[in-house]
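Following: one structure in structure tokens, then a few remarks.
Throughout, numbering of the chain's residues begins at 1 and tracks the sequence. Values reported hereafter were calculated over all heavy atoms of this structure, with side chains retained and with hydrogens, waters and symmetry mates removed. For clarity, every value in this text was computed on a predicted model and none was experimentally measured.
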Amino acid sequence: MRRLTWGNAYLLIVFIILYTPIVYLLVYSFNSGGTMHHFQGFTLEWYKEVFQDTRLLMIVLNTLIVALLSALISTVLGVIGALAIYYVKSRQVKNTLLTFNNVLIVSPDVIIGASFLILFTLAGIKLGFVSVLLSHIAFSVPIVVLMVLPKLQEMSPTWIDAARDLGANEWHILTKVILPFITPGIFAGFFMALTYSLDDFAVTFFVTGNGFSTLSVEIYSRARQGISLSINALSTLLFLLTIFLVAGYYWISQKGSRLYGMWKK
């Protein structure tokens with residue numbers, strides 16, 4: 001009981017440390033005083049300012065397009081990569097592939113961003129939408145692989161053998177057995193890739209060019225110019241969007257699990 005109590009207290013302290021700055025930012029996004037020191041009254045002025053900023057709305061659209069496209073493409077590539085690693089017979093080769101897959105996850109974002117900048121410069125790719133999209137796909141694919149691969153390893157090989165005994169070809173095995181089983185992992189990988197793309201700053205900062213920006217880079221640029229509560233409003237909206245995506249992921253994963261249970265029966 002004591003261990004459980006101390007564990008809950010530690011978890012509570014961690015959550016307080018993590019969420020206190022976010023709550024502080026959210027509360028002062030409604031401050032009519034224009035500062036983050038004294039709350040003078042409730043107002044939606046800063047949110048109106050955000051929605052009246054045409055340039056900012058275009059940046060929001062750019063961010064969503066990059067996030068959705070990179071998440072979709074990286075999910076497809078990640079599922080293919082996870083299947084390829086799963087079917088490798090040699091344990092040494094499999095461990096080598098997993099090591100290469102994890103490099104982009106454990107490497108510092110500054111190094112990854114600088115590497116992509118050098119690569120795009122040498123390849124003659126103009127910095128902008130294409131460079132940002134390719135970079136986001138590159139660092140999202142390993143995340144999807146790590147989300148999908150455990151589900152593949154949980155799957156019993158006897159299911160595939162039974163499907164073959166019943167006359168199923170490889171395409172039917174993939175679409176009727178494997179993909180339905182790993183659907184929760186696919187959704188998890190998609191939403192993880194989506195949130196990583198929305199939140200990424202370091203890599204995007206290196207590979208974005210003139211005339212193209214994302215929300216994270218824009219918030220950083222505006223914060224350097226001085227304190228403005230429109231930044232608080234913009235950050236609050238981004239935080240609420242992230243919460244919505246996480247809630248959507250849990251809802252879809254639970255629904256997918258129920259559908260899979262019905263399919264299994």
Apart from F205 itself, what residues make up its hydrophobic cluster, given side-chain heavy atom links below 4.5 Å? F201, V217, Y220

Under the salt bridge (Lys or Arg N to Asp or Glu O under 4.0 Å) test, residues paired with D199 that sit two or more places apart: none

In chain order, what residues pass the salt bridge (Lys or Arg N to Asp or Glu O under 4.0 Å) check against R55, with sequence neighbours excluded? E218

Would you find a donor on one side and an acceptor on the other, under 3.5 Å apart, between the side chain of [X] and the backbone of [Y]?
{"X": "S216", "Y": "D200", "answer": "yes"}
{"X": "W46", "Y": "N31", "answer": "yes"}
{"X": "N102", "Y": "I105", "answer": "no"}
{"X": "N95", "Y": "R91", "answer": "yes"}
{"X": "S32", "Y": "G41", "answer": "yes"}

For [X] versus [Y], what's the shortest heavy-atom pair and its separation?
{"X": "P180", "Y": "P184", "value": "O-CD, 4.4 Å"}
{"X": "V144", "Y": "G78", "value": "CG1-CA, 3.8 Å"}
{"X": "D109", "Y": "A202", "value": "CB-CB, 3.4 Å"}
{"X": "S70", "Y": "I137", "value": "CA-CG1, 3.7 Å"}
{"X": "I65", "Y": "F129", "value": "CG2-CE1, 3.9 Å"}

Heavy atoms, side chains only, cut-off 4.5 Å: are [X] and [Y] in contact?
{"X": "L25", "Y": "T236", "result": "yes"}
{"X": "L241", "Y": "L64", "result": "yes"}
{"X": "T208", "Y": "T214", "result": "no"}

Please list all pairs passing the side-chain hydrogen bond (donor to acceptor under 3.5 Å, both in side chains) test where one or both residues lie in residues 129-154, with sequence neighbours left out. H136-S197, H136-T204, K151-E154

Quick check on the hydrophobic clustering: are [X] and [Y] connected, directly or via other members, by side-chain heavy-atom contacts under 4.5 Å?
{"X": "V106", "Y": "V145", "answer": "no"}
{"X": "M192", "Y": "L152", "answer": "yes"}
{"X": "V103", "Y": "V110", "answer": "no"}

Sequence-distant partners of Y47, ring pair (Phe, Tyr, Trp, His ring centres under 6.0 Å), two or more places apart: F30

If you look only at distance, which donor and acceptor atoms sit under 3.5 Å apart when one is on a side chain in residues 112-126 and the other is two or more places apart or in another chain?
{"residue": "S115", "atom": "OG", "partner": "I111", "partner atom": "O", "Å": "2.7"}
{"residue": "T121", "atom": "OG1", "partner": "L117", "partner atom": "O", "Å": "2.7"}

